Amino acid sequence: MHILRRDKKEEEEGGGNPFHNLEKTTVLQEARTFNETPINPRKCAHTLTKVLYLINQGEQIGTTEATEAFFAMTKLFQSKDATLRRLVYLGIKEMSKIAQDVIIVTSSLMKDMTGKEDQFRGPAIRALCSITDNTMLQSIERYMKQAIVDKNHAVSSAALVSSLHLSKGSHEVTKRWVNEAQEAVSNDNVMVQYHALGLLYHIRKHDKLAVTKLVAKFSKQSLKSPYAYCLLIRIASKLIEEEGAGSDSPMFEFIEGCLRHKSEIVIYEAAQAMVNMKETTAKELAPAVSVLQLFCSSPKPTLRFAAVRTLNKVAMKHPAAVTACNLDLENLITDQNRSIATLAITTLLKTGSESSVDRLMKQISSFMTEISDEFKIVVVQAIQSLCLKFPRKHSVMMNFLSQMLRDEGGFEYKKAIVDSVITIIEENPEAKEAGLAHLCEFIEDCEHAVLATRILHLLGREGPRTPTPSKYIRFIYNRVILENAAVRAAAVTALAKFGAHCEELLNSCIVLLLRCLLDTDDEVRDRATFYVDTLKEKQKALNSAYILNGLQVSVIGLERALHQYTLEPSEKPFDMKTVPLASQPITEQRVQAVREPGETTAPKATDKVAASRQDVYAEQLARIPEFANLGALFKSSTPVELTESETEYVVRCVKHTFPHYIVFQFDCTNTLNDQVLENASVHLEPSDGFEVIKYLPCPKLSYDTPGTTYTLVRMPDEATQVTGTFSCTLKFVVKDCDPNTGEPDEEGYEDEYVLEDVEASVADHVQKVMKPNFGASWEEVGPEFEVEDTYSLSTMKTLEEAVTNIIQCMGMQPCERSDKVPEGKNAHTLYLAGVYRGGHDALVRSKLAMSEAGITMQLTIRSTDQSVSEVLASAIS
Amino acid sequence: MGLFDGLARWLGIKKKEANVLVVGLDNSGKTTIINHFKSEEYKNHDIVPTIGFQVEKFKTKSLSFTAFDMSGQGRYRDLWQAYYRECHGVIFVIDSSDKLRIVVAKDELDALLKHPEVQRKRIPILFFANKMDLRDAVSSVKCSQLMELENIRDKAWHICASNAITGDGLDEGIQWLTDQLKDVLVKK
Ligand SMILES: Nc1nc2c(ncn2[C@@H]2O[C@H](COP(=O)(O)OP(=O)(O)O)[C@@H](O)[C@H]2O)c(=O)[nH]1
Ligand SMILES: [Mg+2]
């Protein structure tokens, strides 16, 4: 059905598009006519359009072919036909990155950019900048400067925008054009002013002080161009974010003032900026919300859309601030534009009271079929947050979500629904059974293997622990019969988990798994064989280690270790303990992709699952010969700042724990542009038992170029002595730089700089590990080296606070979602899991009880080594 | 000129058009020479070294010229050949005061003559022994000896001493080329 429809659509598209059936080789063949004299402008224009069309469709053209077509195209410079010439400029831009020797057109373009034909000048500048490399920049510099201040607006704008693009390659040259850019900012043309401000900002953006001045200056001397205003607002809000400035800062005042600007686009930009600020309170937002409220009743659909979309965002953080607009939003529910209506309803869902939920849900279902997947996803997310807000409404919502699961929709949409159901199940135990039931039904007819495997994994983890695990078996086994190999393999694993966890199901699970031994797929067979043999042993410890909790190592690390093992054959069996563990993703670590002011496209998403941070460190350290025989890297800490942020030198420290050593990595940046540091290293004053073995200095720290120095420390032999404090001093040779040339002096002098202390804590010796089935692991490790004690936590006020602090002290992974303290409870148990340096499994159970006297904690630690249990216990006291 | 042009177009009379390729080492005076032929309105008063190439148009009494003024810098000389195929004639400019590099100019000329696209055509080649005003300039005769022009057998060629700045010798040369090209174009 889905596919059919698409075909039809393509057919329709093809009907209206004369270029629908273009073929690359034919078009390139046709491009040879550019060589003919005299030139036939109409014919050439048509062919060139085809070439451009193909390139824009993403057709790959080889270098040789592209170069041939490019050179043929250069001959069109002899034609004076305006249309053809302008197509040639476009062609040059498009081919500048794929053809060779494109600089051949430099002089021709320089002639056009300074020529009499105004129509040619702007496009020629843009084309010229796209073919110019750094070595050629000098020769066009004079012309670019002239063009920036040209009295023709199109020329000036083209030159400004092109300079901006050029400066991405070579900042040095464009920097010298600042006077011209300055002059262009005072141009009365709105576009020129905007582009000039963009260039000025770009030239100065690494100098925070200069940017601050820039905003201060232009926010007073009122700009004419609304676009320039919008850019200024973006720059100002970026500054606010970077400095963590509050609502009393002049930047904030400026943005707030823009809410009263006469241009709608500026007002909207200001409101949007305020809404997106991290630190604003609901009260500070009020003026922004009220202009958005006004926009809601604007006759222009774009304004209504922008307003409701932004209000939707506000509603996530400050639902109360948006309630004032409820009436306006209600009116938008019937808006002709379905996108506006959807956003209005989902906003209302976020801000509304529990009682309005049913009504809104009904309204939204009346037009679910009319909106696109993208907006359906918005609805799904609204429902999810609603469920979390009103847990009692979960059954209404779950029904709604399951209805959506049954309807048609693309992968992204289905994925959003499944994600939501899973989140709801995890947050609300009461919703678990209903949610699992809906998911079971969904996988009966699910075309997306990724989603099916994900759900099977969830069933394997959660199903065995529900009151009636047996009812899931049928759904899972059906997958074994009906699906492709990837899904079958996931189903086999899920079955095994039921067998491992529920004794009463063990025999029937084994029977079902035995049937899989004849599967056509290797992976499915292998898994079934492995599980059957393991289950037949009927040992709890085995079940926990190999079925319920599984492998904990980093996959990349495992690959590397195995590769190493095959390179150096040895008698000894491969030791799993030498493989680095999979570090749990640390959410705060994720770099938020920031969009530059004035940038039109968002940078590529950065959260692709690549090697983890730790794997990257492991690679880097492995390349340093001095660290070759330290053994496998066990853990890398998160970076700690050892300096205040605005100091001469900025130093951050990452601790890398090895079996018997700690490598302290210091990432240093020299923020003084008048000196160069050489031979920089960080000297440690170790506490008892620790011994500094080696310093690896950083040869040179130039201005604003980060460098790294390492200090290698040996840990004490005594197994329980693992923590300590180290005072640090950065030592180096300074060379002052000539203020004019930037050249450093021949001679330098020694100097040092005191840093903050670094701490080696218990957490540095423990790696977080997720045990999906904590109970099974607890039995697996057993009570042999158990340490138990009772503490009173007098300084903690709430259970949440206690939980957060314990997790941080121990540096272990909370399991079973026990890091979330249910509301209104005065007792809670926290489960932590990890692996201690040397490969010892370590588990912590912390029973917390709150009374009038404060919080008491019974802490039980189990591990596979006595001293490990003791060290872990010492973390708390 | 405007009136005649309009009238001529109206009558359907159009001048014959010829494409010429202007080559020679860098700094020999190619761009200056072309500039001389351009009408006052389009003349360029600030000639800078050419990067790549530039297309210029000019007219003589009986022909419309489209000249591809190529850059002579080493980096670009290999790119001349991309323009051999369509040209009806070649103007090869020699800096007659730069004795040291005349051998280089000769190498480039040989490469040009050997190129298949040039070999298969009977195209006229006009040489300008340019910068004749300079004190250490060699004569056009000496120049043609150094370039071994007498070895060119299958193509019409002609050498003129010239001064691109004053224009001396240029008109004579272009007249010769016009006569040659008229024959070629009429036969076509
Ligand atoms: N004295 C003198 N200088 C010339 C003559 N022709 C060109 N020049 C100069 O030689 C330099 C190079 O000329 P240009 O046309 O750019 O050479 P191209 O690289 O061959 O295009 C310029 O400074 C011209 O002014 C000439 O006949 N006599
Ligand atoms: Mg030139």
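Numbered from 1 within each chain, the chains take letters A, B, ... in sequence-line order. Values in this document were obtained by computation on a predicted structure and should not be read as measured data.
Counting all heavy atoms, side chain and backbone alike, Lys116(A) lies closest to Glu41(B) at NZ-O, 3.3 Å. Here the shortest heavy-atom pairing between Asn35(A) and Glu86(B) reads O-CG, 2.7 Å. Here the closest non-hydrogen pair linking Ser108(A) and Val55(B) is OG-N, 4.4 Å.
Within 6.0 Å of NZ on Lys97(A) lie more than 12 heavy atoms contributed by other residues, nucleotides or ligands. Arg176(A) CZ: more than 12 foreign heavy atoms inside a 6.0 Å radius. For Tyr42(B), the OH atom counts as loosely surrounded, since its 6.0 Å shell holds 12 or fewer non-hydrogen atoms of other residues, nucleotides or ligands.
Atom OG1 of Thr114(A) sits about 7.5 Å away from atom CG of Asn44(B), to the nearest 0.5 Å. How far CG of Asn19(B) is from CD1 of Ile39(A): 8.0 Å, rounded to the nearest 0.5 Å. For the atom pair CZ of Arg85(B) and CZ of Arg32(A), the computed distance is 8.0 Å after rounding to the nearest 0.5 Å.
The interface of residues 142-160 of chain A with chain B, defined by heavy-atom distances below 4.5 Å, comprises Arg142(A), Tyr143(A). Below 4.5 Å, heavy atoms of chain B meet heavy atoms from Phe71(A), Thr74(A), Lys75(A), all part of residues 56-75 of chain A.
At a 4.5 Å heavy-atom cutoff, the contact between Thr66(B) and chain A is made by side-chain atoms alone. Heavy-atom distances place the side chain of Tyr76(B), and not its backbone, under 4.5 Å from chain A. With a 4.5 angstrom heavy-atom cutoff, Tyr83(B) touches chain A via backbone and side-chain atoms both.
For residues 101-113 of chain A, the pairs satisfying salt bridge (Lys or Arg N to Asp or Glu O under 4.0 Å) are Arg85(A)-Asp112(A), Lys111(A)-Glu56(B), with sequence neighbours left out.
The shortest distance between side-chain heavy atoms of Lys57(B) and Lys80(A) falls below 4.5 Å.
Not counting sequence neighbours, Asp168(B) has no partner by the salt bridge (charged side-chain N to carboxylate O under 4.0 Å, His left out) test.
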For side-chain contact (heavy atoms from CB on, under 4.5 Å), just list the numbers for Ser107(A) and Phe53(B), CA-CA rounded to whole Å, side-chain angles, deciding distance to a tenth of an Å, and then say yes or no.
CA-CA 6 Å; Ser107(A) 268; Phe53(B) 80 101; over 6 Å; no
task: Assess whether side-chain contact (heavy atoms from CB on, under 4.5 Å) is satisfied between Gln54(B) and Phe77(A), documenting all intermediate values.
output: CA-CA 8 Å; Gln54(B) 217 162 299; Phe77(A) 269 105; over 6 Å; no
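With chain B as the partner, the residue from Met136(A), Glu36(A), Met110(A) showing the most heavy-atom pairs under 4.5 Å is Met136(A).
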